[in-house]
Amino acid sequence: MTEGTFAALALLVLGWAVVSDLLARLNITGPLVFAVAGYALGNPDWGPLSVDVEAPSVHLLAELTLALLLFADAARVNVSRLKEDIRLPGRLLALGLPLSVILGALLAAWFFDDFTWALAGFVGATLAPTDAALSAQVINDRLIPVRLRRALNVESGLNDGIVTPVVTFTLAIAAGQLGIESHDGAADHGGGALLELAVGLIAGLAVGTVGAWLLTVGSRRHWMTTGARRLGTLAAALSSFALAVTFDGNGFIAAFVAGIAFRATLDEQTIDADTAVELPELLGEVLAFAVWFAFGAALVPIALHNFDLTLLAYAVLSLTVVRIVPVALSLLGAGLDRRTVGFVGWFGPRGLASVVFALLAVEQLGEVPVVERVVAVVALTVFLSVVLHGVTAGPLGRRYVHLEQADEDQRGGPRSRRTTRGLRSPDALRSDQP
């Protein structure tokens with residue numbers, strides 16, 4: 001990115017911050033604003049700003065952004081609170097996520113004859129993770145039962161980390177199938193990907209555990225200045241990613257595992273974990289705006305250049321059937337009514353993780369026509385999700401609450417245990433964060 005692009009981005013962030021609540025009331029999300037701005041200002045055909053999607057700095061920016069958010073999402077999971085109701089997010093992650101990957105891969109192989117099985121698997125895995133930022137109005141709406149909000153929040157926080165090994169492995173296999181040399185100069189047929197995952201796991205576990213222990217000791221002994229806990233947490237997030245990459249490991253896995261280990265090791269009677277993780281989360285959100293700008297400038301034009309009805313059909317099915325059917329199957333027997341299952345199924349927006357994985361495909365597989373087609377599939381699906389999920393989050397959330405309350409009024413009180421399993425109980429309606 002040039003100095004002019006950086007200046008424009010900084011001004012856009014300032015402008016968005018000033019009117020962010022107004023835009024939220026109009027159901028206009030930050031990702032949509034920056035993606036459209038990137039398309040208008042950084043489009044290679046007419047835009048005055050320059051964004052080179054193949055530049056190492058752009059890839060590093062995207063990778064650091066995802067690493068910070070993976071760490072923050074993992075570190076924000078309160079295991080003790082989650083144990084109170086693990087069934088919903090557990091079902092979505094253990095059953096719904098793998099089913100979404102498989103169904104998405106099978107549809108990609110069926111729709112696109114030129115995709116190898118590894119590329120189809122990459123598409124399925126890339127478009128399986130959800131992004132809570134695109135449906136923040138739902139997750140932050142305290143009228144919606146906290147059990148549902150917590151399930152959506154935990155799912156979106158953990159699924160991109162869980163699916164990362166699949167993305168890495170399918171990219172390595174695809175490189176071998178296409179005869180493309182990997183970054184270390186040798187064709188990698190998957191063994192190297194497994195080694196990267198192992199290195200990332202070890203690096204993340206070490207940095208997260210040691211980092212949390214050091215911050216706890218420093219805080220107990222009053223060695224730390226005001227704000228140092230947040231800085232230390234940010235350093236743990238960045239160093240987990242950097243250490244893994246230095247030893248040819250997977251930085252995303254490292255950041256994700258580091259976040260889990262950090263929260264598990266931290267003494268929360270000494271340090272408030274949610275406060276400590278604010279800085280990496282905030283920095284990740286700011287950097288995410290730059291990634292969305294680059295997405296609009298570089299990837300949306302690729303999607304439009306390759307646009308056809310097949311591409312559109314797959315994108316629509318990915319946002320509906322590929323998401324809703326696995327969610328419905330994973331929630332069988334959970335005691336939820338069809339409206340609630342449909343509500344959870346629809347709010348599975350594709351976001352930042354999918355964008356970063358698409359950039360990884362560009363970086364590792366290069367400018368091959370079939371790879372451009374893969375990137376176009378991912379970019380169009382994500383762009384449709386940014387628009388549709390962002391616009392519908394507020395209205396559909398309010399409609400869901402209204403219909404649930406109307407059902408209660410008709411029944412003369414809280415709905416039966418058989419249909420809601422506590423979704424409308426007083427504990428489920430608490431105003432605490434999910």
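- Side-chain atoms of Phe241 and Val245, non-hydrogen and from C-beta on, do get closer than 4.5 Å to each other.
- To the nearest 0.5 angstrom, Asp52 atom CG is 11.0 Å from Thr5 atom OG1.
- Among all heavy-atom pairs drawn from Ala244 and Val199, the shortest one is O-CG1, 4.2 Å.
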What do the steps show when you test Asn153 against Ser156 for side-chain contact (heavy atoms from CB on, under 4.5 Å), and what is the final call?
CA-CA 5 Å; Asn153 201 27; Ser156 64; 4.3 Å; yes
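- Applying the salt bridge (charged side-chain N to carboxylate O under 4.0 Å, His left out) test to every pair with at least one member in residues 152-165, sequence neighbours left out, gives these pairs: Glu155-Arg323.
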Using residues 62-77 as the side-chain source, report each donor-acceptor pair under 3.5 Å to any protein atom, sequence neighbours left out, with the distance given to one decimal.
residue: Thr65; atom: OG1; partner: Leu61; partner atom: O; Å: 2.7
residue: Arg76; atom: NE; partner: Glu281; partner atom: OE1; Å: 2.9
residue: Arg76; atom: NE; partner: Glu281; partner atom: OE2; Å: 3.1
residue: Arg76; atom: NH1; partner: Asp274; partner atom: OD1; Å: 3.4
residue: Arg76; atom: NH2; partner: Asp274; partner atom: O; Å: 3.2
residue: Arg76; atom: NH2; partner: Glu281; partner atom: OE1; Å: 2.9

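- Leu388 and Thr392 get closest at one heavy-atom pair: O-OG1, 2.7 Å.
- Checked by atom type and distance alone, the side chain of Arg149 pairs as donor or acceptor with a backbone atom of Asp141 at under 3.5 Å.
- Counting only heavy atoms from C-beta outward, the side chains of Tyr39 and Leu304 approach each other to under 4.5 Å.
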Please set out all donor-acceptor pairs under 3.5 angstrom arising from side-chain atoms of residues 116-125, sequence neighbours excluded.
residue: Thr116; atom: OG1; partner: Leu119; partner atom: N; Å: 3.2
residue: Thr116; atom: OG1; partner: Gln177; partner atom: OE1; Å: 2.7

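- Taking CG from Leu127 and CG from Leu103, the interatomic distance works out to 12.0 Å, rounded to the nearest 0.5 Å.
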Given Leu312 and Leu384, is the side-chain contact (heavy atoms from CB on, under 4.5 Å) satisfied, shown in steps?
CA-CA 9 Å; Leu312 178 62; Leu384 288 180; 4.0 Å; yes
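- The shortest distance between side-chain heavy atoms of Val382 and Asp131 does not fall below 4.5 Å.
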Ile28 and Val33: CA distance, side-chain angles, deciding distance, side-chain contact (heavy atoms from CB on, under 4.5 Å) verdict:
CA-CA 7 Å; Ile28 300 175; Val33 170; 3.6 Å; yes
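- Heavy atoms only, all atoms of each residue included: Val375 and Ala358 are closest at CG2-O, 4.1 Å.
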List the steps, then state whether side-chain contact (heavy atoms from CB on, under 4.5 Å) holds for Trp346 with Val327.
CA-CA 9 Å; Trp346 171 244; Val327 166; over 6 Å; no
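- Within the structure, ring-ring contact (aromatic ring centres under 6.0 Å, His included) contacts touching residues 353-373 (residues at least two apart or in different chains) do not occur.
- Counting all heavy atoms, side chain and backbone alike, Leu88 lies closest to Leu148 at CD1-CD2, 4.3 Å.
- Distance check: Arg150 CZ to Ile86 CD1 gives 10.0 Å after rounding to the nearest 0.5 Å.
- In this structure, CZ in Arg147 is found 9.5 Å from OG1 in Thr340, a value given to the nearest 0.5 Å.
- Looking only at side-chain heavy atoms (C-beta outward), Leu134 and Phe347 stay at 4.5 Å or farther from each other.
- Phe169 has its side chain out of reach of Leu197: every pair of non-hydrogen atoms, C-beta onward, lies at least 4.5 Å apart.
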Residues 313-322 side chain polar contacts: donor-acceptor under 3.5 Å, at least two apart:
residue: Tyr314; atom: OH; partner: Gly104; partner atom: O; Å: 2.8
residue: Thr320; atom: OG1; partner: Val316; partner atom: O; Å: 2.7

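- Here CZ of Phe343 is found 9.5 Å from CD of Glu404. Values are rounded to the nearest 0.5 Å.
- Ring geometry, Phe295 versus Trp292: the interplanar angle exceeds 60°, so the pair is classed perpendicular (tilted spans 30 to 60°).
- The closest donor-acceptor contact from the side chain of Arg230 to the backbone of Leu279 lies at 3.5 Å or more, if one exists at all.
- In this structure Ser385 satisfies the side-chain hydrogen bond (donor to acceptor under 3.5 Å, both in side chains) test together with His389, sequence neighbours excluded.
- For the pair Ser100 (side chain) and Ala128 (backbone), a donor-acceptor distance under 3.5 Å is absent.
- Enclosure of atom CG in Leu309 is not indicated, since only 12 or fewer non-hydrogen atoms of other residues, nucleotides or ligands lie within 6.0 angstrom.
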Residues Phe293, Phe34; criterion ring pair (Phe, Tyr, Trp, His ring centres under 6.0 Å); working and verdict:
CA-CA 5 Å; Phe293 187 90; Phe34 282 84; 7.4 Å; no
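- The shortest distance between side-chain heavy atoms of Val371 and Leu178 falls below 4.5 Å.
- A donor-acceptor contact shorter than 3.5 Å is absent between the side chain of Ser240 and the backbone of Val207.
- One finds a salt bridge joining Arg339 and Asp407 here, because a Lys/Arg side-chain nitrogen approaches an Asp/Glu carboxylate oxygen to under 4.0 Å.
- No side-chain donor from either of Asn250 and Thr164 sits under 3.5 Å from a side-chain acceptor of the other.
- Remark: Thr126 OG1 to Leu360 CG distance equals 8.5 Å, nearest 0.5 Å.
- Of all non-hydrogen atoms in Ala303 and Leu311, the two that sit nearest each other are O-CD2, 3.9 Å.
- At a threshold of 4.5 Å between non-hydrogen side-chain atoms, the residues Leu299 and Leu359 count as touching.
- Nearest heavy-atom pair, Asn27 versus Gln137, reported as atom, atom and distance to 0.1 Å: OD1-OE1, 3.1 Å.
- At least one side-chain heavy atom of Val344 sits under 4.5 Å from a side-chain heavy atom of Leu92.
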